[in-house]
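Note that the coordinates shown come from a computational prediction; the quantities given were computed from them, not determined experimentally. The sequence lines fix the lettering, A, B, ..., with proteins before strands; numbering per chain opens at 1.
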Number of protein chains: 4
Amino acid sequence: MEIDKPVLRKDPNGEPNPMPVIARKALKPRTKPAEVRRDDILRAATSLFVAKGVGTTTIDEIATRAEVAKGTFYLYFTSKEDVVAALRERFVAGFRARILSAIEARPPDDWTGRLMSFVSAGITAYLDDHRLHDVVFHDHRPDQRQMKGDNPLIGDLSTLLAAGAKAGAWSVDDPDLAAIVLFNGLHGAVDHAIERGVRDGSGLAANLSALFLRMVRPE
Amino acid sequence: MEIDKPVLRKDPNGEPNPMPVIARKALKPRTKPAEVRRDDILRAATSLFVAKGVGTTTIDEIATRAEVAKGTFYLYFTSKEDVVAALRERFVAGFRARILSAIEARPPDDWTGRLMSFVSAGITAYLDDHRLHDVVFHDHRPDQRQMKGDNPLIGDLSTLLAAGAKAGAWSVDDPDLAAIVLFNGLHGAVDHAIERGVRDGSGLAANLSALFLRMVRPE
Amino acid sequence: MEIDKPVLRKDPNGEPNPMPVIARKALKPRTKPAEVRRDDILRAATSLFVAKGVGTTTIDEIATRAEVAKGTFYLYFTSKEDVVAALRERFVAGFRARILSAIEARPPDDWTGRLMSFVSAGITAYLDDHRLHDVVFHDHRPDQRQMKGDNPLIGDLSTLLAAGAKAGAWSVDDPDLAAIVLFNGLHGAVDHAIERGVRDGSGLAANLSALFLRMVRPE
Amino acid sequence: MEIDKPVLRKDPNGEPNPMPVIARKALKPRTKPAEVRRDDILRAATSLFVAKGVGTTTIDEIATRAEVAKGTFYLYFTSKEDVVAALRERFVAGFRARILSAIEARPPDDWTGRLMSFVSAGITAYLDDHRLHDVVFHDHRPDQRQMKGDNPLIGDLSTLLAAGAKAGAWSVDDPDLAAIVLFNGLHGAVDHAIERGVRDGSGLAANLSALFLRMVRPE
DNA sequence: TATGAATGAGCTTTCATTCAT
DNA sequence: TATGAATGAAAGCTCATTCAT
């Protein structure tokens with residue numbers, strides 16, 4: 001707060017210096033492109049969050065693991081929550097990309113195939129990253145509720161259902177509601193599977209697809 | 001029953017109290033039954049958690065609102081999480097009781113009616129208490145995942161579906177999976193409705209029931 | 001911020017425990033009357049502030065010197081500035097008491113004597129405590145300006161001048177302004193003396209009194 | 001003179017710059033004369049200090065407002081305190097110049113007029129710049145005390161009083177002491193006026209002059 | 001049982017200063 | 001000269017938990 005701070009500065013890199021300066025330089029460039037630094041921090045945070053939870057991970061730990069000073073952390077993020085938010089964005093985007101690309105691999109009019117791709121890609125992606133998922137979706141904020149609603153995958157699913165219905169392949173009264181039920185049903189089913197230690201989602205995919213197809217099959 | 005809890009017993013310097021102990025005791029039985037005390041604390045915690053979140057509520061605040069000393073809190077609970085767990089148990093039990101009693105109001109062989117009761121009672125109960133629900137289900141712990149699996153309502157639903165199928169009313173391949181999808185679908189649909197500010201769940205109940213019945217209807 | 005904090009607790013008093021518990025108890029009662037604790041902290045802060053300035057003194061140091069935990073500090077004060085404010089109040093009250101009692105030692109109608117007492121008591125008191133004075137009056141706040149104006153001693157002085165004038169002993173056109181000039185003149189003169197290392201204020205008192213009396217003497 | 005200071009020179013990856021150095025130099029003499037740079041920084045600091053205090057202003061902010069890199073700041077000043085000291089010097093010099101020139105506007109033997117000019121110019125100058133005054137004189141350092149003593153205006157005033165006395169216009173026993181009292185009295189009186197929101201100092205000047213003249217008038 | 005003063009580890013955040021470019 | 005990313009020491013403050021009464 002005040003003017004007269006004591007100034008103590010030791011060895012700025014803090015480690016015994018057995019190596020010539022030039023070699024050190026090569027190993028540890030003081031400055032990296034911002035993108036890389038940011039990514040270093042994000043990666044460090046991810047592994048810590050997954051390993052020990054967001055709450056118990058300190059910013060100190062994140063900085064240390066990212067091989068960055070604590071102050072540097074604050075150059076890139078404003079708080080731990082800010083990191084979680086960045087991770088969440090990343091996670092959602094990657095998750096969605098995986099699923100969409102699986103769908104696109106099917107012919108446009110293969111409605112059943114597209115839905116099954118959605119289901120199996122969703123299961124696989126979730127099984128792969130569920131620990132990161134948990135990290136990224138478990139905060140306390142009351143506006144948290146909002147975020148689910150923004151889930152673009154539900155919109156994608158709704159669009160798929162509506163298109164299939166329009167094409168006469170399915171019968172769907174309320175595509176939005178059906179999409180919500182399907183997405184959350186899938187989500188819950190994978191949670192259940194994870195609890196049981198399931199590693200391979202193909203069986204679940206078949207069963208879920210069957211269930212979902214029943215729900216949309218014409219009378 | 002709560003005759004005389006002293007609000008202020010300041011005696012900061014410990015002067016000898018002129019009143020004999022026995023007389024004091026007779027006048028001031030300072031304790032409440034443990035159940036009541038516990039409940040005071042639980043109620044105080046609930047309102048604070050709902051108002052400002054678990055993370056930002058301190059044990060000090062809980063104790064103050066419960067009109068109890070901080071030390072007394074630790075006589076009844078070991079930590080804040082312990083309180084959340086107690087609240088969760090309560091919540092789940094109440095929630096389930098509401099739904100089961102709605103189901104039981106229907107004739108045992110009215111399968112469709114029973115499922116619809118499940119849906120509409122579930123929606124109503126959740127709409128009523130979703131803020132407490134959020135409090136009670138939003139912590140970070142990795143073992144959190146476990147709790148959903150323990151959700152007895154999914155078991156109840158599975159039982160209902162299996163019984164209906166056995167009775168020939170429905171066709172259900174995997175009642176457990178169907179129950180999971182139904183329960184989570186319902187959960188997600190209500191979340192969605194809450195986000196949109198929906199206060200009355202009857203429309204949603206009708207639509208959801210229709211969707212669910214499609215899923216179990218015989219070929 | 002979060003729920004799952006690691007709990008590490010070692011030896012609560014942190015020192016090797018060579019002494020029997022009873023003896024320890026006698027030496028270090030865990031709890032003291034609030035007044036005493038507060039005073040412990042205030043005394044610790046004073047000595048540190050005087051020795052090394054407010055800015056460079058940390059709350060940690062204050063707590064340590066007061067033999068109190070850091071948290072205890074915050075039980076009694078909200079910040080370092082809060083301590084300075086408490087010290088300032090104390091200082092002003094004591095300073096004023098000294099001067100007023102010196103004045104009261106003179107007969108009520110001994111106007112010259114009263115003014116001289118004011119001057120010499122003021123000089124002495126300030127010489128005695130000027131380091132604490134500096135500590136207590138050197139913060140940055142813009143509203144600082146306000147505080148000087150609230151200085152009750154200027155009011156006291158103004159009253160004295162007005163009374164002496166009314167009694168016909170002096171001629172004072174604007175007692176408030178004269179009081180301000182006298183007080184600040186005295187203040188500055190003592191500052192000057194302190195800079196020069198003066199320890200005894202009696203010579204200064206005589207000279208200043210003479211000057212002040214010139215200022216109020218009738219035509 | 002400031003032809004082309006680049007606002008953004010982002011070159012984050014350090015790609016080799018295709019433009020030859022000499023041509024670049026000709027186009028972009030990136031430096032300003034040291035005096036100007038220094039002044040930029042001083043001006044930036046002044047406005048920030050006045051607006052939000054020295055303690056809460058960071059060097060980052062100063063550099064940003066001066067449109068200079070943080071490192072450049074350290075090319076011109078060694079610390080924030082260094083800036084305050086430079087500002088103080090400036091302030092004192094300007095203040096003194098204003099007062100001296102007001103005095104010099106009077107005939108050399110117009111003692112009363114000279115003293116009145118001192119008073120009214122002092123009041124005006126202080127009223128004009130009191131916020132900068134506060135900034136520049138409000139730090140914590142114990143050696144602060146020294147600076148007042150160095151105040152050359154007190155010396156000027158003492159010289160004036162001694163000269164007037166020597167000329168037989170006044171009676172002044174101890175010109176140094178009288179100068180101290182006058183200067184500090186004036187200072188305090190203006191502070192008091194500022195607190196009361198006074199904008200025009202002419203009334204105060206008349207009253208103060210009268211008071212001061214009483215103090216030096218011959219028996 | 002009940003109390004609440006006391007504890008202190010630990011966290012977040014700031015910012016003056018450096019230095020490779 | 002000029003830059004600004006990086007540093008990391010330091011500080012303020014919180015709050016779950018204890019324990020003597």
Taking the minimum atom-to-atom distance to the side chain of [X], which one of [options] wins?
X: I59(A); options: dT12(E), dT3(E), dA6(F); answer: dT12(E)
X: T58(B); options: dC15(F), dT7(F), dT7(E); answer: dC15(F)
X: R37(A); options: dT7(F), dG4(E), dT17(F); answer: dT7(F)
X: T72(C); options: dT3(E), dA5(F), dA6(E); answer: dA6(E)
X: V68(D); options: dA16(F), dT3(F), dT17(F); answer: dT3(F)

Can you measure [X] atom [atom1] to [N] atom [atom2] for me and round it to whole angstrom units?
X: Y76(A); N: dT13(E); atom1: OH; atom2: P; result: 18 Å
X: R38(C); N: dA5(E); atom1: CZ; atom2: P; result: 15 Å
X: E67(B); N: dG4(E); atom1: CD; atom2: C1'; result: 16 Å
X: L75(A); N: dC15(E); atom1: CG; atom2: C1'; result: 11 Å
X: D40(D); N: dT1(F); atom1: CG; atom2: P; result: 15 Å
X: E81(D); N: dT17(E); atom1: CD; atom2: C1'; result: 16 Å
X: Y74(A); N: dT12(E); atom1: OH; atom2: P; result: 6 Å
X: I62(B); N: dG4(E); atom1: CD1; atom2: P; result: 17 Å

Self-check item: First of D60(C) and K70(B) reached from the 5' end of DNA chain F, by closest nucleotide
Solution: D60(C)
Quiz item: Closest nucleotide of DNA chain F for G71(D) versus for F73(A): which of these residues is on the 5' side?
Solution: G71(D)
Under 3.5 Å, is there a donor-acceptor pair between the side chain of [X] and the main chain of [Y]?
X: T57(D); Y: G53(D); value: yes
X: K80(A); Y: T58(A); value: no
X: T56(C); Y: K52(C); value: yes

Quiz item: What distance do F77(C) atom CZ and I41(C) atom CD1 have between them, rounded to the nearest 0.5 Å?
Solution: 5.5 Å
Self-check item: F49(B) CZ to I62(B) CD1 distance, which is reported to the nearest 0.5 Å
Solution: 4.0 Å
Quiz item: So what's the dot-bracket for DNA chain E: Watson-Crick or G-U pairs under 3.5 Å, [ ] if a pair crosses, | if it pairs off-strand?
Solution: .||||||||||||||||||||
Practice problem: State which residues pass salt bridge (Lys or Arg N to Asp or Glu O under 4.0 Å) with R43(A); sequence neighbours excluded, sorted by chain then number. | Solution: D39(A), D40(A)
Exercise. Using the C1' atom on both, measure dT1(E) against dT21(F) and round to a whole Å.
Key: 13 Å
Quiz item: Any side-chain donor paired with an acceptor under 3.5 Å for R65(B) and S47(B)?
Solution: yes
Practice problem: Answer with base, sugar-phosphate or nothing: what part of the nucleic acid does T64(C) contact at a heavy-atom distance below 4.0 Å? | Solution: nothing
